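Note that the coordinates shown come from a computational prediction; the quantities given were computed from them, not determined experimentally.
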Amino acid sequence: MTDTNKIVSSLKEGIEQYDPTIQREEVGTVLEVKDGIALVEGLAKAQSQEMLEFSGGVTGLALNLEFDTVGAIILGDYIGIKEGDVVKRTGKIMSIPVGEDMIGRVINPLGDAIDGNGDIATTEFSPVEKIAPGVMTREPVSVPLQTGIKAIDALIPIGRGQRELILGDRQTGKTTIAIDTILNQKGTGVICIYVAIGQKESKVARIVNTLKERGAMEYTTVVLASASDPAPMLYLAPYSGVALAEYFAAKGKDVLVVYDDLTKHAWAYREMSLLLRRPPGREAYPGDVFYLHSRLLERAANLNKENGGGSITALPIIETQAGDISAYVPTNVISITDGQIFLETSLFYKGTRPAVNVGLSVSRVGGAAQTKPMKKVAGSMKLDLAQFRELEAFAQFSSDLDEDTRKKIERGRRITELLKQPPYNPQPVEDQVLGIFAASNGFFDDIKVELIKKAEHDFIEFVKSTKPSVVEKIIAADWSDELKEELSAIAKDFTKEFKTD
């Protein structure tokens, strides 16, 4: 066969095998682009929350669906996008990759690894926006989620499936409480997701390093939208975090999600909304800023067995200004959550750390999220602290106090000292119970305030060495009058032998 015949034969074969297919694409054109926001025309059938593809493969998200234009946020580098560029519909609602391989990694809100340890091999995707579980799919919150922080586990307990707000001014220890809680989940089977919204990359690097040093990255994923990222990435970050949490909860696992912090999330949303020309309301926030956080936090739940049996516990963080918890965004999130932990600046600078204001902090789940021993020993401590707060203010104006008042003030001072705790040092619940029992029942009343921390440490070691069976019962959440009497006898023996030097 000549070369000509070969060519003809090859062409015939190619023609016979050719299968013409029509691929339909709906495309639009960029009219305007600025600060991560694009105005697009020509996408008449675009859906809300649909992923759009800009030139260079950059992903966008359709938010404003107007009569002849679509307002989209650009998730990534928007510098290369210009007026006249082609934009394609993908037909997909905004989703991120999810999977077991996400654990131990640092990712961006799009689910891409940014920790330098290679790509994440995942095949499953989950929508970032999802309707929260209904009432009939939930169970009451009843299992404690121990933070390892005495002031919280005893007075403001958190349960698995709860939403507990942490709020306070800058530099009062909000993030420290959240990281302590993550560290305390080691060995409990709880998967943790830390969502950093608008934080400095150097701060997040320190947090990741702390988690690695203490073995907590083995069960933690960090979702990072840093201060240098555009507002759309900050807006998407918490929804990506909870989408990943829902993947694990559906498999029957317990998940803890920290949103640090939702104040910056609201700021990013306000910036986006103003650029999208949405009508500004109070403090220039758009009218749906309440819905912004309610649809996020409502996805935290304790699911029943028919729906996977897992739970998502949310710890949102809000930054206040001059301790004003009645401001717009703080009151919004307070009304959505199941309680709040308020950190007070004045307490922080006095050396009471964590600087928890017990009077303004509350858990709407309460004793249902405590073990029986903790519930029994913490009950009297709440009363002692409440009386102490009132009497301490009164005692400032009077030097002549009766014996009963003086005793209550002295005990309150010792309990306050007992509740002080250094950062990144969570305490097991059995140790907390022993220390609180001794202080609340007056066994530390004759010990100087400055020696309370030493007395607590020595007492815990004394019980563990002399009566390990007592500690085992507390770990097993067992409590009885006999155990209380046994513990009282041990405490009496300890105070006789306690060395104050």
Side-chain angles (χ1 to χ4, degrees), residues 144 146-158 347 352-354 356-359 361-363 366-392 395 403-421 426-464 466-467 470-471 473-475 477-498:
Q146 305 290 350
T147 65
I149 301 167
K150 287 173 281 189
I152 295 172
D153 289 343
L155 303 172
I156 320 149
I158 300 171
L347 288 174
T352 303
R353 301 176 189 180
V356 178
N357 181 320
V358 181
S361 302
V362 65
S363 171
Q370 283 178 313
T371 63
K372 191 177 179 183
M374 179 61 87
K375 196 187 303 185
K376 292 293 183 182
V377 300
S380 59
M381 188 174 77
K382 291 177 189 175
L383 181 62
D384 289 339
L385 273 177
Q387 290 176 335
F388 167 65
R389 280 197 307 273
E390 290 186 16
L391 293 173
E392 188 184 34
E403 186 64 20
D404 187 49
T405 302
R406 190 189 65 77
K407 277 185 177 179
K408 285 177 180 173
I409 290 173
E410 289 301 320
R411 182 172 296 181
R413 284 176 181 155
R414 282 154 180 77
I415 291 173
T416 302
E417 185 66 24
L418 182 86
L419 293 179
K420 291 179 183 178
Q421 203 167 335
Q427 196 173 31
V429 67
E430 61 272 16
D431 291 5
Q432 295 182 41
V433 169
L434 292 173
I436 291 167
F437 173 84
S440 297
N441 287 280
F443 295 109
F444 289 171
D445 285 1
D446 295 329
I447 295 171
K448 291 180 183 177
V449 174
E450 55 269 24
L451 293 172
I452 288 298
K453 300 301 288 182
K454 181 180 185 301
E456 178 199 19
H457 175 268
D458 290 358
F459 176 63
I460 292 167
E461 293 303 315
F462 182 78
V463 177
K464 286 180 177 178
T466 58
K467 283 280 186 177
V470 169
V471 180
K473 287 178 183 176
I474 294 171
I475 293 171
D478 185 19
W479 188 262
S480 62
D481 291 339
E482 292 78 16
L483 182 62
K484 183 180 177 182
E485 287 171 13
E486 190 176 1
L487 206 47
S488 298
I490 297 168
K492 282 177 187 174
D493 293 341
F494 169 77
T495 49
K496 289 175 190 173
E497 298 177 16
F498 179 63

Fill in: Expected output: side-chain Gln421 to main-chain Gly148 donor-acceptor under 3.5 Å
yes
Discussion item. Has Asp153 got a side-chain atom pairing as donor or acceptor with Thr147's backbone, closer than 3.5 angstrom?
Written reply: yes
Worksheet entry | Set of residues satisfying side-chain contact (heavy atoms from CB on, under 4.5 Å) with respect to Pro157, sequence neighbours excluded | Ser363, Ala369, Gln370
Using every non-hydrogen atom in the two residues, find where [X] and [Y] come nearest and quote the distance to one decimal.
{"X": "Leu418", "Y": "Lys150", "result": "O-NZ, 2.7 Å"}
{"X": "Ser440", "Y": "Val377", "result": "OG-O, 3.8 Å"}
{"X": "Lys372", "Y": "Trp479", "result": "NZ-O, 3.5 Å"}
{"X": "Ala154", "Y": "Met381", "result": "CB-CE, 3.5 Å"}
{"X": "Ile156", "Y": "Ser361", "result": "CD1-CB, 3.5 Å"}
{"X": "Pro354", "Y": "Leu419", "result": "CD-O, 4.0 Å"}

Is there side-chain contact between [X] and [Y], with heavy atoms separated by less than 4.5 Å?
{"X": "Asp493", "Y": "Thr466", "result": "no"}
{"X": "Gln432", "Y": "Thr371", "result": "no"}
{"X": "Phe444", "Y": "Phe459", "result": "yes"}
{"X": "Lys464", "Y": "Asp431", "result": "yes"}
{"X": "Lys453", "Y": "Glu456", "result": "yes"}
{"X": "Leu434", "Y": "Ile474", "result": "yes"}

Under 4.0 Å between a side-chain nitrogen and a carboxylate oxygen: does that hold for [X] and [Y]?
{"X": "Glu417", "Y": "Lys420", "result": "yes"}
{"X": "Arg413", "Y": "Glu410", "result": "yes"}
{"X": "Glu482", "Y": "Lys473", "result": "no"}

Worksheet item: Using 30° and 60° as the class limits, which term best fits the ring planes of Phe494 and Phe462: parallel, tilted or perpendicular?
Response: tilted
Practice prompt. Count the heavy atoms belonging to other residues, nucleotides or ligands that lie under 6.0 Å from CG of Asp445, then report whether that count exceeds 12.
Written response: yes
Practice prompt. Assess whether atom NZ of Lys484 is packed by more than 12 heavy atoms of other residues, nucleotides or ligands within 6.0 Å.
Written response: no
Distance check, rounded to the nearest 0.5 Å: [X] atom [atom1] versus [Y] atom [atom2]?
{"X": "Leu385", "Y": "Gln387", "atom1": "CG", "atom2": "CD", "answer": "10.0 Å"}
{"X": "Glu450", "Y": "Arg414", "atom1": "CD", "atom2": "CZ", "answer": "8.5 Å"}
{"X": "Ile436", "Y": "Lys376", "atom1": "CD1", "atom2": "NZ", "answer": "15.5 Å"}
{"X": "Phe443", "Y": "Ile490", "atom1": "CZ", "atom2": "CD1", "answer": "10.0 Å"}
{"X": "Leu451", "Y": "Asp446", "atom1": "CG", "atom2": "CG", "answer": "12.5 Å"}

Practice prompt. State which residues pass side-chain hydrogen bond (donor to acceptor under 3.5 Å, both in side chains) with Asn441; sequence neighbours excluded, sorted by chain then number.
Written response: none
Discussion item. One pair to check against side chain to side chain contact (heavy atoms under 4.5 Å, CB included): Phe388 and Thr416. What are the steps and the verdict?
Written reply: CA-CA 9 Å; Phe388 167 65; Thr416 302; 3.5 Å; yes
Practice prompt. Output, in order, the C-alpha distance, side-chain angles, deciding distance and verdict of side chain to side chain contact (heavy atoms under 4.5 Å, CB included) for Glu461 and His457.
Written response: CA-CA 6 Å; Glu461 293 303 315; His457 175 268; 3.9 Å; yes
Worksheet item: Which of these, Ile475, Val470, Val463, Ile460, sits in a side chain to side chain contact (heavy atoms under 4.5 Å, CB included) with Glu430?
Response: Ile475
